[in-house]
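The block underneath contains the structure these notes are about, expressed in structure tokens.
Computed over heavy atoms, backbone and side chain alike; hydrogens, waters and symmetry mates excluded.
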Amino acid sequence: MKNVFHIFEDRGFIEQATDRELVRELLENPTTCYIGFDPTAKSLHVGSLLPIMSLVHMQRAGHRPIGLVGGGTGLVGDPSGKTEMRNILTLGEINENAEALKKQLSRFIDFSDGKAIIANNADWLTDLPYIEFLRDIGRHFSVNRMLAAESYRARLETGLSFIEFNYMLLQAYDFWYLFKHYDCRLQMGGNDQWGNILAGADLTRRLEGEVIHGLTFPLLTTSSGIKMGKTHKGAVWLDASLTSPYDYYQYWINQDDGDVERFLGLFTFLPMEEVRQLGRLKGADMRTAKEVLAYEATKLCHGQKEADHAREASQQLFGPDREKSPEAAPTYSIGQEELDQGIPAYILFEKSGLCKTRSEARRLISQGGGYINGQRVKTFEQAININDLQQDCLLLRAGKKRYVRITQE
RNA sequence: GGAGAGGUUCCCGAGUGGUUAAAGGGAGCAGACUGUAAAUCUGCCGGCUCAGCCUUCGGAGGUUCAAAUCCUCCCCUCUCCA
């Protein structure tokens, strides 16, 4: 089996490593590694996809991944890469989120038979005795050195509370703890975690005299330098009830040309020869590569069946017969009474979820961005009624890409 | 604890009594162009029962015909001093 380190290198996962040569050697043999996930929301979003993919690669290569849910650290708040102090969550919220995270990770990683582990650092952090912690752990940290860390330096400008300042110690403790209890010798994470990862490796060296390692991934931005994962509707979630597989598929197909090859490497398991080949496509052919990316990414997250649906739906809605076969679009049903009476177009656009407010719907339609069955809506108060139904439904479109099918209840 | 600075619409950031739903930029949306891409140009960008009305400038009161702008108290942040 190929060393995962080469796979990571080849596919563009690596930003920094504590020692490339040693990490590569380490990964010659089955190794336990971990990545922390913050339980700040009830679902992960595409921002966490890169770490997840790395764990999948690890598992496929015969290593043992640990998904660490930051139940304990979530009670504190991580300053890394944030300019504002984050909201501190209650224990209840965190546990709820932690549960949900576990479920999501299981879609990507096989947790059976100890092939992977899910851990929650609340289990060992919440009961830490303060004095002992200071004595045994705190003494190994130099404040001078911590302040030199980029993540803290930035926060020094805007203010940094003591509890946040301790985050690094806690995460370092996590790494040591996982090393101690699971023989975990590699921590991975986004490049914003570099300082924290180093701290953990450092702590373990001091406490145990053992050298353990860290690896970071590039922070993902699109070619235009914007953080990934935001759309008109907000964050792109991995949970199908928050972001539908169709929207998820669409998210990927709408990526910039310049990102496609990189994303194929990171977010699919296609062989790299194929990825490079797809990346070489020029002009409109690039769409093929995007379709592959969208399909593969959706398949990984939501399964083949959903991916097939999403692809079909997209092909119908964006193919040569667009507007003709709207079964594929997300559906919203409306009461018969309302339809009989006729409903103003802008209200329908708002109700169907295409616009967040009625004002937005008015604006959209006034600017010529509202369509019904492929026809531009002329005025926002235009009444939509039963006569507009074609084969029992009508197709609403906002702008060029966003569709909703309206059916009668 | 003392002294000073500051909290403005999604973000950054102007505004220091009426002409301010609040400059400018970013993000976002729409139109044109296109390949469900990018770039570019144009328009939009608090809400609503929308030629009008309502709600916003940390919070609560007050002055005034009129306040984001003035006063009082409170909350929070930053800087310096201890």
Whole angstrom value for the distance that separates P of B:rC29 from CD of A:Glu360: 10 Å
So, the side chain of A:Gln408 versus the backbone of A:Cys393: is there a donor-acceptor pair under 3.5 Å, distance only? no
So what does A:Ser366 hit on the nucleic acid, given a heavy-atom distance under 4.0 Å: a base, only sugar-phosphate, or nothing? nothing
Stepwise, does the side-chain hydrogen bond (donor to acceptor under 3.5 Å, both in side chains) test hold for A:Tyr295 with A:Asp308? CA-CA 8 Å; A:Tyr295 181 73; A:Asp308 285 335; 2.7 Å; yes
Closest nucleotide among B:rU36, B:rG31, B:rU49 to the A:Tyr346 side chain: B:rU49
Take the protein atom CZ of A:Arg362 and the nucleotide atom C1' of B:rC29, then report the distance between them rounded to whole Å. 17 Å
Candidate nucleotides B:rG35, B:rC48, B:rU36, ranked by approach to the side chain of A:Arg358 - the nearest: B:rC48
Counterpart base for B:rU49, defined by Watson-Crick or G-U wobble contacts under 3.5 Å: none
Side chain A:Asp285 and base B:rG35 donor-acceptor under 3.5 Å: no
Does the structure show a Watson-Crick or G-U wobble partner for B:rG6, both distances under 3.5 Å? Name it, or say none. B:rC76
B:rU56 versus B:rU9 - spacing of their P atoms, nearest Å: 14 Å
Verify the contact: side-chain N or O of A:Arg402 to OP1 or OP2 of B:rA30, cut-off strictly under 4.0 Å; return yes or no. yes
Could you check whether A:Arg60 makes a cation-pi contact with A:Phe269, meaning its NZ or CZ is under 6.0 Å from the centre of the six-membered ring and within 45° of the ring axis? yes
In whole angstroms, the gap separating C1' of B:rU34 from NZ of A:Lys401 amounts to 11 Å
Taking a pair as Watson-Crick or G-U wobble with both distances under 3.5 Å, which nucleotide is matched to B:rC41? B:rG31
If B:rG17 has a Watson-Crick or G-U wobble mate with both distances under 3.5 Å, name it; if not, just say none. none
Measure from NZ on A:Lys356 to C1' on B:rC44 and round the result to the nearest Å. 14 Å
Check every strand shown and say whether A:Gly399 touches a base, only sugar-phosphate, or nothing at a heavy-atom separation below 4.0 Å. sugar-phosphate
How many Å lie between OH on A:Tyr249 and C1' on B:rU36, as a whole number? 10 Å
A:Arg287 side chain: which of B:rC48, B:rG35, B:rC33 is closest? B:rG35
